[in-house]
Amino acid sequence: MNISSAIFDCSAADLKSCPDESLPEFAFIGRSNVGKSSLLNVLAGEPGMARVSSRPGFTKLINIFTINKCWRLVDLPGYGFAEGARKDRIHFNEVAANYLKHRTNLCLVFALIDSGLPPQDIDVQFVEWLVRHSVPFVLVFTKIDKVSAAVAQTNIAGFTERISAWFETPPAVFTCSAETGSGRPELLGVIEEQLTAIRAASRPAPAQAEELSLQTRFREYRKRRPDLNRPW
Ligand SMILES: Nc1nc2c(ncn2[C@@H]2O[C@H](COP(=O)(O)OP(=O)(O)OP(=O)(O)O)[C@@H](O)[C@H]2O)c(=O)[nH]1
Ligand SMILES: [Mg+2]
């Protein structure tokens with residue numbers, strides 16, 4: 001997919017401050033410091049688009065970027081970083097939880113996990129939360145440049161094994177590196193697939209086809225896909 005424009009839309013402190021729900025959104029979430037903002041910059045092809053920091057817990061707001069004027073990338077606050085929070089329980093930012101539960105134009109979540117770590121309880125708990133709340137997601141193992149292929153493979157296999165009992169069809173798994181750009185075509189391909197599905201699901205009469213924007217089609221798509229207007 002060609003990215004022709006990537007524009008910072010807003011930093012929202014809560015769900016009600018987010019922009020209108022007219023455009024499809026793709027949200028990125030994971031533990032603090034897992035590489036969410038870095039990956040968004042790579043996907044958008046704009047190194048300075050989202051702020052990157054070596055200090056965990058940097059992104060505290062919902063940061064929204066409009067891509068190609070017709071869909072959005074969403075940088076959600078990381079979980080697992082809270083002073084005083086118990087280490088063994090997921091400390092899940094309420095702003096992010098509300099967004100994931102109630103945002104009706106959310107198409108897909110990219111759940112980011114550090115490929116250099118063995119399965120962490122907090123990530124397993126987060127995936128369980130997504131499953132419990134019927135949030136559609138794929139898994140993305142980050143920082144693949146920092147570990148050997150064998151270690152990454154062991155960690156990924158260990159993680160997918162931990163969550164396997166919850167699925168008939170396991171979630172799709174991707175790897176990426178913000179350093180080398182690996183994984184970018186595959187992740188943009190996933191987004192493209194979703195956008196194509198939206199266009200196809202709201203197929204207009206041939207004469208109208210050219211004139212209808214993705215925005216209009218998305219509105220139609222949401223009407224026909226009740227699961228996108230999630231009651232949860
Ligand atoms: N080697 C390597 N370092 C990475 C990669 N992605 C991110 N980093 C580094 O990891 C640190 C955290 O990156 P961020 O993108 O800010 O992580 P984040 O998940 O947005 O962090 P919070 O906003 O604090 O939740 C930075 O120092 C990045 O340079 C990667 O793919 N490879
Ligand atoms: Mg960040």
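Start at 1 and go down the list; that is how both ligands and their atoms are numbered.
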Margin query: Between Phe137 and Phe110, is the ring centroid distance below 6.0 Å?
Written below: no

Item checked: Residues Asp9, Lys69: salt bridge by 4.0 Å N-O rule -> no

Note to self: I want to confirm something. Looking only at heavy atoms, which of Lys146, Glu179, Lys36 is nearest to atom 19 (O) of ligand 1?
What the structure shows: Lys36

Checklist line | Within-cut-off N or O pair, Gly35 and ligand 1, under 3.5 Å | finding: yes

Note to self: Counting only nitrogen or oxygen atoms and a 3.5 angstrom limit, does Thr142 reach ligand 1?
What the structure shows: no

Tell me which donor-acceptor pairs under 3.5 Å the side chains of residues 159-167 have, and how far apart each pair is, sequence neighbours excluded?
from	atom 1	to	atom 2	distance (Å)
Thr160	OG1	Ile156	O	3.0
Thr160	OG1	Ala157	O	3.2
Arg162	NH1	Asp121	OD1	3.4
Arg162	NH2	Asp121	OD1	2.9
Ser164	OG	Glu161	O	2.9

Note to self: Donor-acceptor pair, distance only, cut-off 3.5 Å: does the side chain of His102 make one with the backbone of Asn98?
What the structure shows: no

Check: Short N/O distance, under 3.5 Å, between Lys143 and ligand 1?
Finding: yes

Next item on the list: Could you say whether the N/O atoms of Val52 and ligand 1 ever approach to under 3.5 Å?
Entry: no

Can you give each donor-acceptor pair under 3.5 Å made by side-chain atoms of residues 145-153, sequence neighbours left out, with the distance rounded to 0.1 Å?
from	atom 1	to	atom 2	distance (Å)
Asp145	OD1	Ser177	OG	2.7
Ser148	OG	Val151	N	3.2

Note to self: Only heavy atoms of Ser177, strictly under 4.0 Å: list the atoms of ligand 1 that pass.
What the structure shows: 31 (O)

Item checked: the Mg ion (ligand 2) to nearest N/O/S of Asn63 below 2.8 Å -> no

Margin query: Please report whether ligand 1 has a polar contact with Ala178, defined as an N or O pair separated by less than 3.5 Å (distance criterion only).
Written below: yes

Notebook entry, point to check: Against heavy atoms of Ser38, which atoms of ligand 1 measure under 4.0 Å?
Noted result: 6 (N), 7 (C), 13 (O), 14 (P), 15 (O), 28 (C)

Item checked: Which of the ligand 1 atoms, numbered from 1, are nearer than 4.0 Å to a heavy atom of Ser37 -> 15 (O), 20 (O)

Margin query: Salt bridge or not between Arg31 and Asp123? Use side-chain N to carboxylate O under 4.0 Å.
Written below: yes

